[in-house]
Amino acid sequence: MAQIAQVLVDVPTMQTNRPYSYQIPSAWQSQVQPGMRVVVPFGRGKRRVQGFVLKCDDATTYDGDLKAIDAVVDLAPVLNTEALKLTAWLAASTFSFQITCAQTMLPAVMRAKYQKLLRPTAETPAAVATEIFHGQPSVDFDQIATTPAIVSQLLRLQAAGEVDVYYQVKNQARHKTLVGVKAAQSLPELAAAEATVRTGAAKQLALLQGLQTLNGETITQRDFSACFDVSEAVIRTGEQKGWLEKTAIEVYRDPYATANIKPTQPLKLNAEQQVAVDQIVAAVDQPATTTFLLEGVTGSGKTEVYLQSIAAALAQGKTALMLVPEISLTPQMVQRVKGRFGKAVAVLHSGLSSGEKYDEWRRIRRHEAQVVVGARSAVFAPLDDLGLIIMDEEHESSYKQDDAPRYHARQVALWRSQYHHCPVVLGSATPSLETRARAEKGVYQRLVLADRVNNRPLPAVSIIDMKKEMQQHAESNFSRALLVALQDRLDRHEQSVLMLNRRGYSSFVLCRDCGFVLKCPNCDISLTLHMDTHTMKCHYCGHEEAIPRVCPNCHSRQIRYYGTGTEKVEEELQDLMPDARIIRMDNDTTRKKGSHAKLLTKFGSGEADILIGTQMIAKGLDFPNVTLVGVLNADTALGLPDFRASERTFQLLTQVSGRAGRAEKTGHVYIQTFNPDHYAIRFAKHHDYEGFFKYEMHMRHQGGYPPYYFTVQITASDLDEAIAAKRMYQLLQWLKPRLTPNTIILGPTPKPIARVNRRYYYQIVIKYKQEPNLENTLTTLLHETQAQQRQGLQIGIDVEPLHFM
DNA sequence: AGCACGCCGACT
DNA sequence: GTCGGCGTGCTC
């Protein structure tokens, strides 16, 4: 019987990033298993923390006194063998703490909350009892200890045994219950009771008769009262008379339960789709793991290929995971999958409450759901016996997590496919260069859907040179051609979609007299004007202040709003076309839960003529009546100092073009740009992914960028700019001799937005083809810099970063 | 992270 | 002398 548990404690630091040995109390020795959460004492004080049992052993190499596990949180492991292995791999490959990885893989409610409490003891003097506790059994330490003087006074009291410090480890997970109703008497007793009720008490009679039909089963009070038309008050009376008893029924919070989902039938596949499905399905029960790149233009029916492949995996008794970018996880998408697989589907995305996510997670773990649809973190869904993993829109940068652990869902998906020996399908109309290059080399198997369903032609694309436009006309967000086209759709009662590249295109405040621009006091960027709240906001740190009426610098009244946010575009368009019904979709109008879906439904039902929005409208929406797509500023992203700028622009333009003319009506796309000759725009005009891929690969080869090189970004930040810079130069000297001569180190450079939240950021980028020592070197780096972290220097490592700014 | 320990300047 | 500031090391 295992007596010792190796526990990963919830203290995310470099020094505690390893298991600690604990004694398992004999009463629990048969119960504790790897993957369970426990509460353990940690440190010299009375601190208690949550931890994960990694291993159960008979012995330990640690030769000090062992402490014992305080409490076992779970009845069954929450991390299975696969998840424990994945945790270790994830921590090593992203240079993050194992505990952080374990927590990332689980629903947020399973993370412990800690409270430090003060409790009176037998020795507590009466004066202290009234002064501190006011008759309460315990008080929150941090609420009382507001000044250093009070803290030391409390510590003195504690040393004297006059108060007790206690750490509470709280489990946030709550199971939702409904009130259930169950007969408490036998049938004859209930029948006999009918005679005892006062004449005219029709509801009580109905209650008794209803109870007799239950057959000893429990049903919810809500159903009971609806079924037998008795009120809650009558049920309470029945409870008092002892006819029935109320129980708690555990239920899942199901966010889609009320939605009417129509079952859908598999569609007839065209020849290409059939080939793709056959290949994928054939790989499901192969011992080797195959990764497919499913390359298909918008409207080529990728989703149907996914659904039929999933169906085949389910038919083999396996489970399936389907990842989609957060932004395209729309109600339409969910309906499509639920329509095909019904209750077997669990959905995981950021729009769910934490309780809903927890319940979906439990449904998956209990094998009540075999298909999981979700965004990035759904890649950790606790599916056993995986038969297929699908990653739609695999090029989307939202698959990469921005903060620790900085993982890419694609890498996790590939790891899990190796573990389960199941295929992965990476789907996209515009695959990332990394993926497409791997398909070229034969690492991934390429499947192509070149035809659009029903052989619909791709929309015509017109490029509008805004430089010429500016010379000929007054300054406007709209070219003549686009305005004419918009008016034309309005006349024909067809719909239009207008997209703004938001980056670098928000409205700011500028003084016409002195040129002053209102900037964030904490960050290195200008504040953005928000007309809805009438404030200036910083998009990086959230700082908010009033809109200035006079210039803070020269006190001139000539202070004006500049730039073009979606709000301004909407305003200008409404002026130009007073009759048009316009819907605006951006971060402001979709912040509230469900408003995103509401706006789309409104547009879909024809209640508006024009939809204006940011990137979020480029993906996954499919409205048959949209025949015009306009991109107002195609090139704002092109100017960014990021080697992926062209790739992103091409992907975005191609994707948004796919929104035009999806039904019988042909579509037209207008792209307004100041760089009409840029290759990303030229290739997008002709829907030419192949051409773009070849050209961009050439550019990457020239520049020495991925996929020809691997990259790692190291960031340092400090409140003091000089310290951040100095440490980075020291780091450079430290790194150089440890890496091979072929490796290229770029920087250090200040990040393009050098200051965020009052911290100054510097970065180094390592480019390499082969670097066997990299993992060791960077882990050593983290160990060696942890002393400096305490002094305020923060070091971050991002493997294969997607954003270089 | 959070705590104790140890070393220094400033005060009763 | 001692209180409390902060830098340092350790947590099974």
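In the text below, chain A, chain B and the rest are named by the order of the sequence lines, each starting its count at 1. These figures come from a predicted structure and were not determined experimentally.
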Practice problem: Indicate whether OP1 or OP2 belonging to C:dG4 is found under 4.0 Å from a side-chain N or O atom of A:S152. | Solution: yes
Exercise. Give the nucleotide from the list C:dC12, C:dG9, C:dG4 with an atom nearest to the side chain of A:K67.
Key: C:dC12
Quiz item: Below 4.0 angstrom from OP1 or OP2 of C:dC12, is there any side-chain N or O of A:R44?
Solution: no
Quiz item: Hey, is OH on A:Y252 packed in by over 12 heavy atoms from elsewhere, all under 6.0 Å?
Solution: yes
Exercise. Under 4.0 Å between any heavy atoms, over every strand shown, what does A:D10 touch: base, sugar-phosphate, or nothing? Just pick one.
Key: nothing
Exercise. Could you tell me whether the side chains of A:D10 and A:Y114 share a donor-acceptor contact shorter than 3.5 Å?
Key: yes
Self-check item: Length of the line joining A:L54:CG and C:dC12:P, which is rounded to integer Å
Solution: 16 Å
Quiz item: Would you find more than 12 non-hydrogen atoms of other residues, nucleotides or ligands less than 6.0 Å from A:K67 atom NZ?
Solution: yes
Exercise. For A:P19, report the nucleic acid contact type (base, sugar-phosphate, nothing); a contact means any heavy atom under 4.0 Å.
Key: nothing
Quiz item: NA contact type, A:Q791, heavy-atom cut-off 4.0 Å: base, sugar-phosphate, or nothing?
Solution: sugar-phosphate
Exercise. Check every strand shown and say whether A:Y22 touches a base, only sugar-phosphate, or nothing at a heavy-atom separation below 4.0 Å.
Key: sugar-phosphate
Quiz item: Does A:P148 or A:R47 map to a spot on DNA chain C nearer the 5' end, using the closest nucleotide for each?
Solution: A:P148
Quiz item: May A:Y20 be described as stacking on the base of C:dC12, applying a 5.5 Å centroid limit and a 30° limit on plane angle?
Solution: no
Exercise. Specify the separation, in whole Å, of atom CD of A:Q788 and atom P of C:dG9.
Key: 13 Å
Practice problem: Look at all strands and tell whether A:R48 reaches a base, only sugar-phosphate, or nothing, counting heavy atoms closer than 4.0 Å. | Solution: nothing
Quiz item: Between the side chains of A:T13 and A:T16, does any donor sit under 3.5 Å from an acceptor?
Solution: yes
Quiz prompt | Spacing between A:L155 atom CG and C:dG5 atom C1', to the nearest angstrom | solution = 15 Å
